[in-house]
Amino acid sequence: MILSCKFLSVLLVTFRSISITSALCDSSAVGPIQSNTNRCSYPACSDNDENAATWNCVHDSSFCTSNQRFVPGLEVLAAGKVCSCTDILNFPSLIGTCVTNGVYSPMLTEDDCVGGGSVCGKDELTDKFLVGDTDHPYTACDLKCDFMLGHESEVAEDTYKGCSFPTFEWTVASESKYSTLQDHQFKIIDNTLFIGGTIFPLDPGNYASSTLNFVLKGPFDASNPTAEDGSYVNGIVDDRTGVLSKRCTVAMVDKTTGEPKDIVTLNGTGACYINSMDATKSDGVGNSDVILAGG
């Protein structure tokens, strides 16, 4: 599919080729008991009981029933309760395994395996990958800490020593009530920075909206930290079915000033990811500047 915007052509190449040489899926298998956790504090589900001792530690809000209150990890810690990775997902039972180009990694949901495939099947009732591969065993303690899911990360006091921080003249950011951008790739042609990524709609149920407006704003800099006088570009994401589909997007930003210039959004069915981008000076048919995006 080729999308043209001004003098730019964006070519999206979609492919999927997964080879699994061997796997032994076992729903009753367990992993090794680890002496150290992943330093992540997890949320909980409460039966509207203020007694934290009765709260049930969970990986995310999807494990709470409609009659339960979701308690984020920060609130769990403030109540004096500790929910570690050994308290969730029936630890030390195995969880799902993802394989991407021959590299194995832990997975609980399809979002944990972008560009790859699951070794074992998912649980149809929970839509989670809760059956592990004993040849490549992973448990809850192998999952990353994700603040978007209400997790809290514990950082040891002696972690950072003698650090220095780079300086930035400006930045751009998604400033959207309904969605967020996870940027995975970027390329520069002339004076334009091309950012390729995925727009993730947030739950529209909180806003009673079937059309989600994604906004990229900037530049944010030292003289204008709120970008009050900045520019923005926006893309419309339709979610009339309520499935929270993920859309591929390529945003264009002035590399010198940080001013957003334009945005191209691919609307279709299912989820879309941009896993690679390349820049070339010719596409062979007369266009001088071409961005190739694959996913």
Side-chain angles (χ1 to χ4, degrees), residues 1 10-27 29-32 34 37-40 42 59-60 62 85 88-124 126-149 151 153 180-187 194-201 243-251 265-266 268-279 291-295:
M1 178 181 293
V10 179
L11 174 64
L12 179 68
V13 182
T14 304
F15 60 90
R16 190 171 189 179
S17 178
I18 301 171
S19 176
I20 301 175
T21 56
S22 65
L24 181 57
C25 301
D26 187 348
S27 60
V30 297
Q34 297 169 297
T37 70
N38 59 357
R39 293 183 177 273
C40 188
Y42 289 90
H59 178 267
D60 57 76
S62 67
C85 60
I88 63 172
L89 301 178
N90 198 28
F91 180 89
S93 295
L94 298 188
I95 61 172
T97 298
C98 168
V99 57
T100 308
N101 298 324
V103 178
Y104 293 85
S105 59
M107 69 177 298
L108 179 62
T109 68
E110 292 180 348
D111 288 340
D112 297 326
C113 195
V114 176
S118 61
V119 175
C120 304
K122 66 179 176 181
D123 181 80
E124 297 299 332
T126 63
D127 205 35
K128 302 291 192 300
F129 292 86
L130 300 172
V131 176
D133 172 20
T134 57
D135 290 337
H136 306 91
Y138 296 105
T139 69
C141 289
D142 294 303
L143 290 170
K144 65 180 180 180
C145 204
D146 190 343
F147 78 96
M148 295 285 288
L149 299 177
H151 303 172
S153 179
T180 183
L181 170 65
Q182 291 190 5
D183 54 321
H184 304 293
Q185 305 291 331
F186 72 92
K187 288 293 177 181
F194 296 90
I195 304 171
T198 303
I199 296 176
F200 283 73
V243 298
L244 301 178
S245 297
K246 303 170 182 63
R247 310 299 191 202
C248 282
T249 187
V250 177
T265 302
L266 304 181
T269 59
C272 180
Y273 304 93
I274 294 180
N275 298 323
S276 62
M277 285 179 65
D278 196 11
I291 287 285
L292 301 177

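Numbering starts at 1 and runs along the sequence shown.
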Minimum-distance pair of heavy atoms, taken over all atoms of Asp142 and Pro137: OD2-O, 4.3 Å

Residues Phe91 and Cys141: closest non-hydrogen pair is CE1-SG, 3.7 Å

Thr134 side chain to Leu24 backbone, donor-acceptor under 3.5 Å: yes

Report yes if some heavy atom in the side chain of Cys120 is under 4.5 Å from a heavy atom in the side chain of Phe129; otherwise report no. no

Check whether any side-chain heavy atom of Leu130 sits under 4.5 Å from a side-chain heavy atom of Leu108, and report yes or no. yes

In Ile95, Asp146, Leu149, Thr109, the residue satisfying side-chain contact (heavy atoms from CB on, under 4.5 Å) with His59 is Leu149

Between NZ on residue Lys187 and CG on residue Asp278, distance to nearest 0.5 Å: 5.5 Å

May I ask you to decide if the ring planes of Tyr104 and His136 are parallel, tilted or perpendicular, using 30° and 60° as cut-offs? parallel

Side-chain donor or acceptor of Asn38 paired with backbone N/O of Leu143 under 3.5 Å: yes

Side chains of Met277 and Phe186: does their closest heavy-atom pair fall under 4.5 Å? no

Side-chain contact, heavy-atom cut-off 4.5 Å: Thr139 with Leu94? yes

What pairs with Gln185 under side-chain hydrogen bond (donor to acceptor under 3.5 Å, both in side chains), at least two apart in sequence or on another chain? none

His151 side, atom NE2; Asp60 side, atom CG - distance, nearest 0.5 Å: 6.0 Å

SG-SG distance between Cys40 and Cys85 under 2.5 Å? no

Heavy-atom distance under 4.5 Å between the side chains of Met107 and Thr97, does that happen here? no

Locate the shortest heavy-atom distance separating Gly116 from Cys98; write the atom from each residue and the value. CA-SG, 4.5 Å

